[in-house]
Student: 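Following this message is one structure expressed as structure tokens.
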Amino acid sequence: MRWSQTFIPTMKENPADAEVPSHRLMLRAGMIRQLMAGAYTYLPLGWKSIRKAEAIIREEMERAGAAEMHMPALSPIELWERTGRVESFGNVLIRLSLKRGDRKVELALGPTHEEIVTDLVARHVSSHRQLPITLYQIQTKFRNEERPRFGVLRTSEFLMKDAYSFGTSLEQLNAAYQAMYDAYCRIFERCGLKYLPVEAESGPIGGDASHEFMAPADNGEDRIVYCESSGYAANLERAETGRKPAKIATPKGTSEMKKVSTPNATSIEQVSRLLDLSPERFIKTLIYLADGKPIAVLIRGDHEANEGKVRRAVGASSLELADEESIRKVTGAPIGFAGPVGIKCHVIADHDVALIRDAVTGANEGDAHLTGVNIGRDWKVETTHDLRNAVEGDPDPKSGEPMKFVHGIEIGHVFKLGTKYSDALGATFLDETGERKPIIMGCYGIGVNRIVAALAETCHDEKGLKWPVAIAPYEVVVVPLNMKDAAVREAAEAIYVELKETRSDVLLDDRDERPGVKFNDADLIGFPVRVVIGGKGLAEGVVEIKRRTDEQPEKVPLASVVARIRELLNA
RNA sequence: CGGGACGUGGCGCAGCCUGGUUAGCGCGCCUGACUGGGGGUCAGGAGGUCGCAGGUUCGAAUCCUGUCGUCCCGACCA
């Protein structure tokens, strides 16, 4: 491709609305343009990178035995009603109401495709002999994000590779899951992306096992907890801690329990300031409804409760923060003054709560807190649980070594779904004995845009982007320094033609621009290899070749330019 | 959905507080000449209903009200 024939609107200055590096640099490099919040046009350069990521994904999906198909973005709302996901997606689901003659058609734009693919399979698969099978597509998804942000990292419309496995048994599910897991590792590897598979909460999509693939990046929205010595890595939502249940014993030499007046002080922060005691001394008492029944969850004041852990600890299928009325019923007080002493419901406590000596808690009475509260004496539990989010330095569950935190961009996610959708949509098969059973499913997503964005986010310097060869918009840029110099122009042209003949992915910067402009644009866009043809070099019979990551160019005789470029690209 | 900020040629900004000719600057763009190894020089030029709608005023980019949009923090989420 010639620069003059494509469309690369680079920008010298930073756009005011772009803060994160991927957004800023992809805009400046002329790869993307924003249409509105959460919707971007991929310009020729950006789209080339996307297409390269897609190609790698396709190759690895085929290798893993998945078959590509293409489903509509439009779907009947009825399908989402049948699985209950109209409610669980809520406002995120983009709905359309269309008139067709005198009828009204209710549609949704697919935020994902479990319903559509399961419905398809339900209609056409009926025997164990047709299974297992894994189907995938690369398609635009639509989600009405409450807050699109970070440029292209979080948008309302995005490209996703989504695969779905269908099997007759747990063994088939596990095999499909493992095949996808391995394919994902190869995909991210080939894309030149640093990634980390982490244990993940499977979330509202359902299911019981899942891993997320994270690209470590400062601006990542997810927090990952990991341990270098054991290799354990998990999303913060999911991360276990290796803490042990505390010995339940009243500490020696404690103070008397006393009631103190704390008018209008309902938060730990407020009471902490009022009493001049640090939040670690507080017992945070959260009232939840577990399957509709109130429970009090005790967490140390400076920690965060983890609802997934609480739900599992009490064996509930649903868990939500209690409403004001339920809180009043068990505490006898308005919101903000709950405590374990004398509370009228089941109490469970995090390990660390049992270790607090002379704690501060709500008094289960308006505008009052208790100080000098001690376990065993003033309130009791049989044992303690891991109920809170991990914090930096918590012991790893495997090795016991302190764990570290890092931010990450979620680029892929694999789930074992089970039969949630096959049950809801009647996707069943007859086994060898003629018994009808639900198909066991898995689903596997990759954010295609996010592969490109995560690379932009993490591979750059002060001059611009630095693409890995696999995802770069072009592998090589050929830069004639003076288009008015016929010898330079012709030499560049010859190299360009020769590179094209060897099927290289090459861009010729045939603009009549000053050398400085061309150098800066090449650095900004971040082509992996740059070939510079100048009058001086040409007089010596050489051109300069430089990788984006090299400091200095090397002089290469005209005759061996193409061979040298091939060598650099394959390295 | 809570909190904060900002909307002025394509991009980045000034002007607004304290209303008053023709709304400025840098970059980019067009024409010509020179120039040609890291965003060059000179000369000429095009391009703006100051987000939108009301209001106050003799007069509004500037003051007031409303509204729309965008970004950031939080909640939510691939």
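Residue numbers start from 1 in every chain, and the chains themselves are labelled A, B, ... in the order their sequence lines are given, proteins ahead of strands.
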Student: Among the nucleotides rU70(B), rC1(B), rA78(B), which one has an atom lying closest to any side-chain atom of Glu146(A)?
Tutor: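 Between rU70(B), rC1(B), rA78(B), the one nearest the side chain of Glu146(A) would be rC1(B).
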Student: Checking Ser4(A) side chain against Arg511(A) main chain: does a donor-acceptor pair fall under 3.5 Å?
Tutor: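 No; zero donor-acceptor contacts below 3.5 Å.
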Student: Using the P atom in both, what is the distance from rU8(B) to rA14(B), to the nearest Å?
Tutor: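 Straight-line distance between the two P atoms is 11 Å.
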Student: How do Ala16(A) and Glu237(A) order along RNA chain B: which one's closest nucleotide is nearer the 5' end?
Tutor: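 Its nucleotide being nearer the 5' end, the pick is Ala16(A).
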Student: Contact class for Arg489(A) vs. all strands (heavy atom < 4.0 Å): base, sugar-phosphate, or nothing?
Tutor: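 Nothing, no nucleic acid heavy atom in range.
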Student: Which of these nucleotides, rA75(B), rC71(B), rG39(B), is closest to any side-chain atom of Tyr40(A)?
Tutor: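 Output: rC71(B).
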Student: Considering every strand and a 4.0 Å limit on heavy-atom distances, what is the contact class for Gly534(A): base, sugar-phosphate, or nothing?
Tutor: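 The residue Gly534(A) makes base contact.
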Student: rG12(B), rG37(B), rC76(B): which one has an atom nearest the side-chain heavy atoms of Arg149(A)?
Tutor: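 So the side chain of Arg149(A) is nearest to rC76(B).
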Student: Using atom CD of Glu320(A) as one end and atom C1' of rA75(B) as the other, report the distance to the nearest whole Å.
Tutor: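 It works out to 17 Å between those atoms.
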Student: When we call it a touch if two heavy atoms are under 4.0 Å apart, what does Met483(A) touch: a base, just sugar-phosphate, or nothing?
Tutor: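 Met483(A): no heavy atom of the nucleic acid under 4.0 Å.
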Student: Describe the nucleic acid contact of Asn91(A) in one word from base, sugar-phosphate, nothing, applying a heavy-atom distance below 4.0 Å.
Tutor: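 No contact.
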Student: Could you state the atom-to-atom distance from CG of Leu481(A) to P of rG39(B) in whole Å?
Tutor: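 Answer to the nearest Å: 12 Å.
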Student: Have a look at Thr10(A) and say if it touches a base, only the backbone sugar-phosphate, or nothing, with a 4.0 Å heavy-atom cut-off.
Tutor: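 Touches nothing.
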Student: Does Asp162(A) reach a base, just sugar-phosphate, or nothing at all? Heavy atoms under 4.0 Å.
Tutor: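 Counting heavy atoms under 4.0 Å across all strands, no contact is made by Asp162(A).
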Student: For the pair made of NE2 in His23(A) and C1' in rC11(B), what is the distance, rounded to whole Å?
Tutor: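 Nearest whole value for this atom pair: 14 Å.
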Student: When the C1' atoms of rG38(B) and rA43(B) are compared, how many Å lie between them, rounded to an integer?
Tutor: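 Result for the C1' pair: 26 Å, nearest Å.
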Student: Using a heavy-atom cut-off of under 4.0 Å over every strand shown, decide if Val92(A) touches base, sugar-phosphate, or nothing.
Tutor: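 No contact.
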Student: Which is true for Phe213(A) with a 4.0 Å heavy-atom rule: it touches a base, it touches only sugar-phosphate, or it touches nothing?
Tutor: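 Touches nothing.
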Student: Using only modelled atom types and a 3.5 angstrom limit, is any donor from either the side chain of Glu13(A) or the base of rG26(B) paired with an acceptor on the other?
Tutor: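 Donor-acceptor pair under 3.5 Å: yes.
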Student: I want to verify a distance call: between rC71(B), rG37(B), rG28(B), whose nearest atom is closest to the Lys12(A) side chain?
Tutor: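 Nearest listed nucleotide: rG28(B).
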Student: Mind checking whether Ser75(A) and Trp80(A) have side chains closer than 4.5 Å, heavy atoms only?
Tutor: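 When only atoms from C-beta onward are counted, Trp80(A) and Ser75(A) do touch, with a gap below 4.5 Å.
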Student: Counting only side-chain nitrogens and oxygens, does Lys484(A) get under 4.0 Å of the OP1 or OP2 atom of rG36(B)?
Tutor: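 So the side-chain polar atoms of Lys484(A) never come under 4.0 Å of the phosphate oxygens OP1 or OP2 of rG36(B).
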Student: Establish, from distance only, whether the side-chain atoms of Arg85(A) and Tyr421(A) form a donor-acceptor pair under 3.5 Å.
Tutor: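 A pair is found: one side chain offers a donor N or O, the other an acceptor, under 3.5 Å apart.
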Student: What pattern of brackets, bars and dots sums up RNA chain B from 5' to 3', given Watson-Crick or G-U wobble pairs under 3.5 Å, [ ] for crossing pairs and | for another strand?
Tutor: ((((((((.[[[[.)....(...]]]].((((((.....)))))).....[[[[[..)....]]]]])))))))....
Student: Heavy atoms only, 4.0 Å cut-off, all strands: where does Gly537(A) land among base, sugar-phosphate and nothing?
Tutor: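 Contact class for Gly537(A): base.
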Student: Can you tell me if Glu269(A) and Ser267(A) form a side-chain donor-acceptor pair at under 3.5 Å?
Tutor: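 No, Ser267(A) and Glu269(A) have no side-chain donor paired with an acceptor closer than 3.5 Å.
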Student: How far does the C1' atom of rG59(B) sit from the matching atom of rU21(B), given to the nearest Å?
Tutor: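 Looking at atom C1' only, rG59(B) and rU21(B) are 12 Å apart.
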Student: Counting only side-chain heavy atoms from C-beta out, which of rU70(B), rA78(B), rG36(B) sits nearest to Gln34(A)?
Tutor: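 Nucleotide nearest to Gln34(A)'s side chain: rU70(B).
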Student: Find the distance Asn144(A):CG to rC1(B):P and express it as a whole number of Å.
Tutor: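 These atoms are roughly 10 Å apart.
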Student: Examine the side chains of Asn174(A) and Lys416(A) and answer whether a donor and an acceptor come within less than 3.5 Å of each other.
Tutor: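 Judged by distance alone, the side chains do pair up.
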Student: Taking atom types as modelled, is there a side-chain donor on Glu307(A) or Tyr288(A) under 3.5 Å from an acceptor on the other?
Tutor: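 Side-chain D/A pair, Glu307(A) to Tyr288(A): present.
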Student: Determine the contact category for Asp485(A): base if any of its heavy atoms lies under 4.0 Å from a base atom, sugar-phosphate if only primed atoms, P, OP1 or OP2 are that close, otherwise nothing.
Tutor: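 Nothing, no heavy atom under 4.0 Å.
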Student: Between rU57(B) and rG19(B), how many Å separate the two C1' atoms, rounded to a whole number?
Tutor: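 It works out to 9 Å between them.
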Student: Could you work out the separation of rC50(B) and rG4(B) based on their P atoms and round it to a whole Å?
Tutor: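 The same atom, P, in both gives a distance of 28 Å.
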Student: How close or far is atom P of rA75(B) from atom CD of Glu307(A), stated in whole angstroms?
Tutor: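 One finds 13 Å between P of rA75(B) and CD of Glu307(A), rounded.
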Student: For Glu513(A) and rG40(B), give me the distance from atom CD to atom P, rounded to whole Å.
Tutor: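 Computing the Glu513(A):CD to rG40(B):P distance gives 9 Å.
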Student: Does a side-chain N-to-carboxylate-O contact under 4.0 Å join Glu221(A) and Arg149(A)?
Tutor: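 Yes, Glu221(A) and Arg149(A) are salt-bridged.
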Student: Is a salt bridge present between Asp461(A) and Lys463(A), judged by a nitrogen-to-oxygen distance below 4.0 Å?
Tutor: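 No.
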Student: Check this for me: does the side-chain of Arg530(A) come within 3.5 Å of the base of rG38(B) through a donor and an acceptor?
Tutor: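 Check passes, donor-acceptor contact within cut-off.
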Student: In whole Å, what is the span from the CG atom of Leu153(A) to the C1' atom of rC72(B)?
Tutor: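 About 15 Å, once rounded to whole Å.
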Student: If the C1' atom of rG15(B) is compared with that of rG26(B), how far apart are they to the nearest Å?
Tutor: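 Roughly 15 Å separates the two C1' atoms.
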Student: Mind checking if Glu145(A) touches a base, just sugar-phosphate, or nothing, with heavy atoms under 4.0 Å?
Tutor: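 Base, at least one base heavy atom under 4.0 Å.
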Student: Among the nucleotides rG38(B), rA78(B), rG12(B), which one has an atom lying closest to any side-chain atom of Pro15(A)?
Tutor: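 Selected nucleotide: rG12(B).
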Student: Would you tell me if any nitrogen or oxygen in the side chain of Arg147(A) comes within less than 4.0 Å of OP1 or OP2 on rC73(B)?
Tutor: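 Checking Arg147(A) against rC73(B): at least one side-chain N or O falls below 4.0 Å of OP1 or OP2.
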Student: Is any side-chain heavy atom of Gln137(A) less than 4.5 Å from a side-chain heavy atom of Asp162(A)?
Tutor: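 Yes, side chains in contact.
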Student: Among rC72(B), rA78(B), rG40(B), find the nucleotide with the atom closest to the side chain of Arg514(A).
Tutor: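 Nearest to the side chain of Arg514(A) among the choices is rG40(B).
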Student: Step through the shown structure and confirm whether more than 12 heavy atoms of other residues, nucleotides or ligands are within 6.0 Å of CG on Asp218(A).
Tutor: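 No, because the 6.0 Å sphere around CG of Asp218(A) holds 12 heavy atoms or fewer from other groups.
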Student: Centroid distance below 5.5 Å plus an interplanar angle below 30 degrees: do Phe158(A) and rA78(B) meet both conditions?
Tutor: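 Ring-base stacking flag set for Phe158(A) and rA78(B).
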Student: Considering only the P atoms, how many Å lie between rA23(B) and rG39(B), rounded to the nearest integer?
Tutor: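 Between the two P atoms, the distance is 35 Å.
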Student: Select one nucleotide: of rG37(B), rC71(B), rC11(B), the one nearest the side-chain heavy atoms of Val532(A).
Tutor: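 Shortest atom-to-atom distance from the side chain points to rG37(B).
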Student: Are Tyr444(A) and Tyr181(A) an aromatic pair, judged by ring center distance below 6.0 Å?
Tutor: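 Ring-ring flag for Tyr181(A)/Tyr444(A): false, centres at least 6.0 Å apart.
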Student: Scan Asp17(A) against the nucleic acid and name what it touches under 4.0 Å (heavy atoms): base, sugar-phosphate only, or nothing.
Tutor: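 It contacts sugar-phosphate atoms only.
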Student: When you check the gap from the basic side-chain N to the acidic O, do Arg51(A) and Glu54(A) get nearer than 4.0 Å?
Tutor: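 Looking at Arg51(A) and Glu54(A), the cut-off is met.
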Student: Tell me which of Glu19(A) and Glu410(A) sits closer to the 5' end of RNA chain B, going by the nucleotide each one is nearest to.
Tutor: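 This one resolves to Glu19(A).
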Student: Distance check needed: rC76(B) C1' versus Leu321(A) CG, whole Å only.
Tutor: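 So the CG-C1' distance, Leu321(A) to rC76(B), works out to 14 Å.
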Student: Taking the side chain of Asn520(A) as its heavy atoms from C-beta onward, which of rA78(B), rC72(B), rG39(B) lies nearest to it?
Tutor: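 So the nucleotide nearest the side chain must be rG39(B).
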Student: Can you tell me, in whole Å, how much space there is between the C1' of rC17(B) and that of rC73(B)?
Tutor: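 Approximately 28 Å lies between the C1' atom of rC17(B) and that of rC73(B).
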